[in-house]
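As structure tokens, the structure follows; a few thoughts come after it.
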Amino acid sequence: MIRDLVRELFEKALARGAAEGRWPAAPVAVAVEPPRDPRHGDFAVNAAMVLARAAGRPPRELAAAIAEAVRAADEGGAVASLEVAGPGFLNVRLAPDVWFRALQEVERQGAAFGRTTVGKGKRVNVEFVSANPTGPMHVGHGRNAVTGDAVARLLDWSGHAVTREYYVNDYGAQVQTLARSVHLRYQELAGRTVDFPPQGYPGAYVVEIARALRAEVGDRWLDAPEAEWLGPIRDRAVEHVLGMIREDLAAIDIRFDLWSSEKALYQSGTVERFLGELEAKGLVYVGTLPPPKSRKGGPPAAPADGEAHADGEAEVASAEPLTLFRSSRYGDEVDRPVKKADGTPTYFCADIAYHWQKRQRADALVDVLGADHGGYVPRLGAALEALGHARRDLHVVLIQMVNLTRGGEALKMGKRSGNVVWLREVLDEVGRDAARFLFLTRRADAQLDFDLELAKKQTLDNPVFYVQYGHARLASILRRAAEAGLPEPRFDLAAVRSLVLPEEQELLKRILAFPELMAEAALAYEPHRVAYYLQQTIAAFHSYYTGGKRTGERVIGADPVKTAGRLYLCLALKQVLANGLAALGVSAPDRMESAAVADED
RNA sequence: GGCCCCGUAGCUCAGUAGGAUAGAGCGGCGGUUUCCUAAACCGCAGGUCGCGUGUUCGACUCACGCCGGGGUCACCA
């Protein structure tokens, strides 16, 4: 990376000066950044401003001294100019050939251009989706899935060893509710009239499962006691729903390396062993929870909602003693129960056992969670810390809500009510590429407005088409050149030296900044940066291209050297777009055909 | 009420480990096509970066306090 070259040069000069006592050692890493204003050079370095205080010298004076040291350290002659500017910036301009030569990397690395080793082979586990197996994926799961997948891809690009994991909550109350829902539909299929409770799962897929069940076991479980059928029906239902979820994931092109089962954690005795571990470490005790805090707000109970709890127990604070985990010692508000009053482990208990176990398999953990789980994060961190790990070994990406709209009109979608919008419906309507890209056009922790009409549009207001069109246009230019019998573009120093127009300079610097961008996006777990980069980069090309029509500076022109240089620029740019899109899981078409929406799978 | 996220142009949002004169898209207005994809581009208009203190060479960025929007405060997962 070119920026590293500058950074290393400064570090060398600063260290040398510090050793000679000319200034103190840098307290923090100096920033090497491309300035907003290109007139300020290729990079701006804030070394003098950072050091001024400790050195007890005015920044500009110190900057001049540092500049001298940098010039002395620059044996290769990479720096063309170095000047003190503004409050004490050192503006660096590199020799043109440094940039031109670097362009060869794109050809050399091809589809790997943009990969870095900043991850140093660190094993990272990315857990995402982990939707309860009680129904197909809805739109919110879709955003989670796409974000998690993109984060995993970026971590891979930056040299991490990535595992993608789905934690299946196939144990506990919710899947039992699913099983009961199936049983009710099963009774209906036998011609009985049942009273379907509001907390049951109303989806049509539940009837499907019931139908399959009836075909398999006939009337055998119609009047059997619940204890007999609950487990088996639950297992069948979960398996069926997981099948649907896998199909949803396949439709958006996401695969997991590992599916972990909550039930298996119990069956293998991991949860029990883990509880023993907690006891041995003195991290649990038997006590009572403080009574629930009064929640202020408008009118408290919404009667229309019916019972919020599956079992409809009263809210009276039971003073029954529970087994509690000392999470408050590690920054959580209160201690959290790991065993219910009936002695069985809580979800939280199994979940920290799961994270504990995951941490054995990876150096760092990433959880992609819905924003409604934000309150859950401190206790997870507390658990990891209590178990002897660093809190920052777990990074949580919180995914905010998706507001679906159609032509600006909000689509009503309730959580548990009937009018859920399934991910599959959206994919069928707008296609995989549009869904993926649009889910990634915002920071994860900001709410996202997703407009179905916009996503379908094949016009420039649709960012995914804008970027894909740019890639197709580049492909088209290269095709045109091949048809004209021009030699296949290859790196040639003499040719790329002709890329001297300001627009060309901007483009080649953007291309060469791509690896840095990818590394930074990965380390920040922020794939939206890549989406922005792609839009801005292709906009710069469109501008160059269209401007060329006016000025006559075309890619394919009379001058063979210029033409060769520009074709190589197009090739490199096309590679960068393709690689960036690949990191987001979006296709990079060579042509934009009329019906670009993905049809079938 | 406690905690978390958000508050930047009319709208939707970027702003890269605090950096020089705050950006993009859409929408509005006005232009560009002897065409390598006009599915594109150019220009104009539009801002007390929610408000206030503080930290320092320097704050949209960090700290604290307000205001506004959302989320969350289970022996449910």
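Convention: sequence-line order gives letters A, B, ...; per-chain numbering from 1.
Here the side chain of Ala173(A) is nearest to one of A77(B), C36(B), C57(B), namely A77(B). Taking the side chain of Arg473(A) as heavy atoms from C-beta on, and the options A40(B), G70(B), G19(B), the nearest nucleotide is A40(B). The Gln400(A) side chain lies nearest to C5(B) when the options are C36(B), C5(B), G19(B). The Glu333(A) side chain lies nearest to C3(B) when the options are A40(B), C3(B), A38(B). In this structure, the nucleotide among C41(B), A14(B), G19(B) sitting nearest to the side chain of Ala446(A) is A14(B). Of the candidate nucleotides A74(B), U21(B), C41(B), C41(B) has the atom lying nearest to any side-chain atom of His542(A). Checking C76(B), C36(B), G19(B) against the side-chain heavy atoms of Asn46(A) singles out G19(B) as nearest. Side-chain atoms of Gln174(A) lie closest to A77(B) of the nucleotides A77(B), C6(B), G70(B). Side-chain proximity of Tyr545(A) to A77(B), G70(B), C36(B): nearest is C36(B).
When heavy atoms are screened at a 4.0 angstrom cut-off, Asn91(A) is found touching base atoms of the nucleic acid. Within the nucleic acid shown, Ala371(A) comes within 4.0 Å of sugar-phosphate atoms alone, with no base atom in reach, counting heavy atoms only. Glu262(A) comes within 4.0 angstrom of sugar-phosphate atoms only, judged by non-hydrogen atoms across all strands, and of no base. When heavy atoms are screened at a 4.0 angstrom cut-off, Ala44(A) is found touching base atoms of the nucleic acid. Within the nucleic acid shown, Asn169(A) comes within 4.0 Å of sugar-phosphate atoms alone, with no base atom in reach, counting heavy atoms only. When heavy atoms are screened at a 4.0 angstrom cut-off, Tyr171(A) is found touching the sugar-phosphate backbone but no base atom. Here Ser543(A) lies in heavy-atom contact (under 4.0 Å) with sugar-phosphate atoms only. Base engagement by His373(A) is indicated by at least one non-hydrogen atom pair under 4.0 Å involving a base atom. Contact annotation for Ala484(A): no contact, since no heavy-atom pair falls under 4.0 Å across all strands. When heavy atoms are screened at a 4.0 angstrom cut-off, Gln536(A) is found touching no nucleic acid atom at all. No contact: Ala350(A) has no heavy atom under 4.0 Å from any strand. Note on Arg379(A): nothing from the nucleic acid sits closer than 4.0 angstrom, heavy atoms only. Counting non-hydrogen atoms under 4.0 angstrom, Pro337(A) reaches the backbone sugars and phosphates but no base.
Listed pair Tyr466(A) / C41(B) meets the phosphate criterion, a side-chain N or O lying under 4.0 Å from OP1 or OP2. Within the structure, every side-chain polar atom (N or O) of Lys457(A) is placed at least 4.0 Å from both OP1 and OP2 of C26(B). A sub-4.0 Å separation between OP1 or OP2 of A77(B) and a side-chain N or O of Thr134(A) is absent. Checking the phosphate oxygens (OP1, OP2) of A14(B), no side-chain nitrogen or oxygen of Arg529(A) falls inside 4.0 Å.
The base of A77(B) has none of its N or O atoms less than 3.5 Å from a complementary donor or acceptor on the side chain of Asp372(A). Contact annotation: side chain of Arg39(A) to base of U21(B), donor-acceptor pair present below 3.5 Å.
In this entry the distance linking CZ of Arg443(A) with P of U12(B) reads 17 Å, nearest Å. Arg550(A) places its CZ atom 9 Å from the P atom of C42(B), with the value rounded to the nearest Å. In this entry the distance linking NE2 of His395(A) with P of A17(B) reads 13 Å, nearest Å. In this entry the distance linking CG of Asn462(A) with P of A40(B) reads 11 Å, nearest Å. Here C26(B) presents its P atom at 18 Å from CD of Glu453(A), a figure rounded to the nearest Å. Atom CG of Asp451(A) and atom P of G27(B) are 13 Å apart (whole Å). Between Lys549(A) atom NZ and A38(B) atom P the separation is 3 Å, expressed in whole Å. In this structure, His40(A) places its NE2 atom 8 Å from P of U21(B), rounding to the nearest Å.
Look at His528(A) and the base of A14(B); the rings do not stack under the cut-offs of 5.5 Å between centres and 30° between planes. Aromatic stacking of Phe89(A) on G19(B): not satisfied for centres closer than 5.5 Å together with planes under 30 degrees.
Here the separation of G30(B) from A20(B), taken at their C1' atoms, is 33 Å to the nearest Å. G68(B) and U33(B) have their C1' atoms separated by 49 Å, given to the nearest Å. Of the C1' atoms belonging to G43(B) and G65(B), the separation is 45 Å, rounded to the nearest Å. Straight-line distance between the C1' atoms of C57(B) and C5(B): roughly 33 Å, to the nearest whole Å. G50(B) sits 16 Å from G70(B) when the C1' atoms are compared, rounded to a whole Å. Look at the P atom in both G7(B) and C44(B): the space between them is 28 Å, to the nearest Å. A45(B) and C3(B) are spaced 45 Å apart, taking the P atom of each and rounding to whole Å.
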Original post:
Where does RNA chain B pair, written as one dot-bracket string 5' to 3', with Watson-Crick or G-U pairs under 3.5 Å, ( ) inside the strand, [ ] for crossing pairs and | for another strand?
Top reply: (((((((..((((.....[...)))).(((((.......))))).....(((((..]....))))))))))))....
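There is no side-chain donor-acceptor pair under 3.5 Å between Asp449(A) and Thr405(A).
Using a cut-off of 4.0 Å between Lys/Arg side-chain N and Asp/Glu carboxylate O, Asp451(A) and Lys457(A) are scored as not salt-bridged.
Side-chain N or O atoms of Arg180(A) include none that pairs as donor or acceptor with a backbone N or O of Leu230(A) at under 3.5 Å. Between the side chain of Asn169(A) and the backbone N or O of Asn132(A), no donor-acceptor pair lies under 3.5 Å.
Both the sub-6.0 Å distance and the 45° axial angle are satisfied by Arg473(A) relative to the ring of Tyr545(A).
Considering only heavy atoms from C-beta on, Glu516(A) comes within 4.5 Å of Arg3(A) through its side chain. Two residues are said to be in side-chain contact when any heavy atoms from C-beta on lie closer than 4.5 Å; Val129(A) and Glu165(A) fail this criterion.
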